[in-house]
Amino acid sequence: MNPFEYQIDELSVSKGNPFLQPQYVHNVKVAHTYKYKLNTSLSYSFVSDFFAQVTEAVGLNKSRMTTKNVANQETINLGISYPFKVNSWWNVYMSVNAFRNRYIPTDPSFVALKQETLNIYGQNNITLPKKINLEISGWFNSPSVWGGTYRTESLGSLDIALQKKFLKDKLNVRIAVSDVLFTSPWSGRTEFANVIINGRGGSDSRQLRFNLTYNFGNDQVKRAQNRNTGVEDEKNRIGN
């Protein structure tokens, strides 16, 4: 909300908005769990005076970034999650979120937006021969709206990891590769007050990691201590 300008570079500045109004969220949600596994939820939210960071033109060659109350936001969301076992050596977890965002302009410079989006996450835990654990997980986001102004393209990630324990399960070795296909970098487009910006970005998301973990100490002593603690807790409970 600081009204003073901050120089970002030669052609752009950032400025606070002392007239910014708070945004209020009204939310209703219904959730259900079936047999402690299948979780479903349906929610509706309405945000009044939604504020977003926008970029405005200053003259012919410069731009200014500021935060404004630009719209009222309406969101309907359906969520489903379900863990299940395919067989004794394969466990799966899946979650799906489908939602619709609609932005109703309150600022004449804001372009009305409506977007249906699908988010999917999945994780597979597979026990291979010789007690090697294979984990394959990934997520996918269809085109969506970010920050109330950016229309973003689809993106996702595929992660793979192998894990095995040695030396009576004291030494844990894990090798993991994240974002195998390098599909998590984003790209998007925003338009406000006749200023159109096409942007893209990302990080070093595709990584290879090697982890070694060793547990020191005597496991039998630890188990005995845990049992003693449990007995003491029970005695204290009965005594009280």
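Because the structure is a prediction, the values reported are computed rather than measured.
- Ion pairing between Glu74 and Arg100 holds under the 4.0 Å rule for side-chain N and carboxylate O.
- Note that the CZ atom of Phe99 and the CD1 atom of Ile76 stand 12.5 Å from one another [nearest 0.5 Å].
- Nearest heavy-atom pair, Thr149 versus Thr190, reported as atom, atom and distance to 0.1 Å: O-OG1, 3.2 Å.
- In this structure, the side chain of Asn17 engages the main chain of Thr67 through a donor-acceptor pair within 3.5 Å.
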Ile126 vs Trp89, test: side-chain contact (heavy atoms from CB on, under 4.5 Å). Steps then yes/no. CA-CA 6 Å; Ile126 302 171; Trp89 49 269; 3.6 Å; yes
Give the C-alpha distance, both sets of side-chain angles, the deciding distance and a yes or no for side-chain hydrogen bond (donor to acceptor under 3.5 Å, both in side chains) between Ser12 and Ser63. CA-CA 5 Å; Ser12 57; Ser63 63; 4.6 Å; no
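- In terms of heavy-atom proximity, Lys85 sits nearest to Asn91 at CE-OD1, 3.2 Å.
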Would you check, one step at a time, whether the test side-chain contact (heavy atoms from CB on, under 4.5 Å) holds for Leu128 with Asn133? CA-CA 6 Å; Leu128 301 176; Asn133 185 63; over 6 Å; no
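- Residues Pro143 and Gln115 meet the side-chain proximity criterion, which asks for heavy atoms closer than 4.5 Å.
- The environment of CZ in Phe19 is sparse: at most 12 heavy-atom neighbours from other residues, nucleotides or ligands sit within 6.0 Å.
- The main-chain N or O of Val47 is never found under 3.5 Å from a side-chain atom of Gln23 such that the two would form a donor-acceptor pair.
- Between Leu118 and Val96, the shortest heavy-atom distance links the atoms CD1-CG1, 3.6 Å.
- Not a single donor-acceptor pair under 3.5 Å links the side chain of Thr152 to the backbone N or O of Gly188.
- Of all non-hydrogen atoms in Lys37 and Asn39, the two that sit nearest each other are O-ND2, 3.1 Å.
- Taking the side chain as every heavy atom from C-beta outward, Asn119 and Trp139 never approach each other to under 4.5 Å.
- Hydrophobic clustering of Ile, Leu, Val, Met, Phe, Trp and Tyr side chains at less than 4.5 Å, counting indirect connections, keeps Ile120 apart from Leu78.
- At least one side-chain heavy atom of Tyr103 sits less than 4.5 Å from a side-chain heavy atom of Val145.
- Between Thr66 and Lys15, the shortest heavy-atom distance links the atoms OG1-O, 2.8 Å.
- Between Leu155 and Pro185, the shortest heavy-atom distance links the atoms CB-O, 4.1 Å.
- Between the Thr106 side chain and the Ala71 main chain, a donor and an acceptor come within less than 3.5 Å of each other.
- Using the six-membered ring where Trp is involved, Tyr82 and Phe84 have ring planes that are parallel, under 30° apart on the 30 and 60° scheme.
- Within 6.0 Å of atom CD in Gln7, more than 12 heavy atoms from other residues, nucleotides or ligands are found, so the atom counts as buried in its surroundings.
- Under the 3.5 Å distance criterion, the side-chain polar atoms of Thr75 are left unmatched by any main-chain donor or acceptor of Ser45.
- Side-chain contact check for Tyr121 versus Ser81: every heavy-atom pair is 4.5 Å or farther apart.
- Side-chain atoms of Asp107 never come within 3.5 Å of backbone atoms of Pro105 as a donor-acceptor pair (strictly under, hydrogens ignored).
- Residues Asn69 and Leu20 form a side-chain contact, since some pair of their non-hydrogen atoms from C-beta on lies under 4.5 Å apart.
- Environment of OH in Tyr44: crowded, with over 12 heavy atoms of neighbouring residues, nucleotides or ligands closer than 6.0 Å.
- Residues Ile175 and Leu208 have side chains in contact (heavy-atom distance under 4.5 Å, counting atoms from C-beta outward).
- Counting heavy atoms of neighbouring residues, nucleotides and ligands inside a 6.0 Å radius, atom CG of Asn198 exceeds 12 of them.
- Around atom OH of Tyr36, no more than 12 heavy atoms belonging to other residues, nucleotides or ligands sit under 6.0 Å away.
- Judged by distance alone, with hydrogens and angles left aside, the side-chain atoms of Arg64 form no donor-acceptor pair with the main-chain N or O of Ser14 at under 3.5 Å.
- Residue Lys164 qualifies as enclosed at atom NZ: its count of foreign heavy atoms under 6.0 Å is above 12.
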Step by step, would you call Ser144 with Trp146 a side-chain contact (heavy atoms from CB on, under 4.5 Å)? CA-CA 7 Å; Ser144 61; Trp146 177 80; 5.5 Å; no
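- Here the side chains of Leu38 and Ile80 are in contact, with some heavy-atom distance below 4.5 Å.
- By the 4.5 Å heavy-atom criterion applied to side chains, Thr183 and Leu158 are not counted as neighbours.
- Not one N or O on the side chain of Ser184 forms a donor-acceptor pair closer than 3.5 Å with the backbone of Ser157.
- Judged by distance alone, the side chain of Ser109 and the main-chain N or O of Phe192 form no donor-acceptor pair under 3.5 Å.
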I would like to know whether Gln73 and Asn101 meet side-chain contact (heavy atoms from CB on, under 4.5 Å); could you show each step before the answer? CA-CA 7 Å; Gln73 180 192 23; Asn101 272 324; 3.4 Å; yes
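- Between the Asp159 side chain and the Asp179 main chain, a donor and an acceptor come within less than 3.5 Å of each other.
- Heavy atoms of other residues, nucleotides or ligands lying less than 6.0 angstrom from CG of Asn194 number 12 at most.
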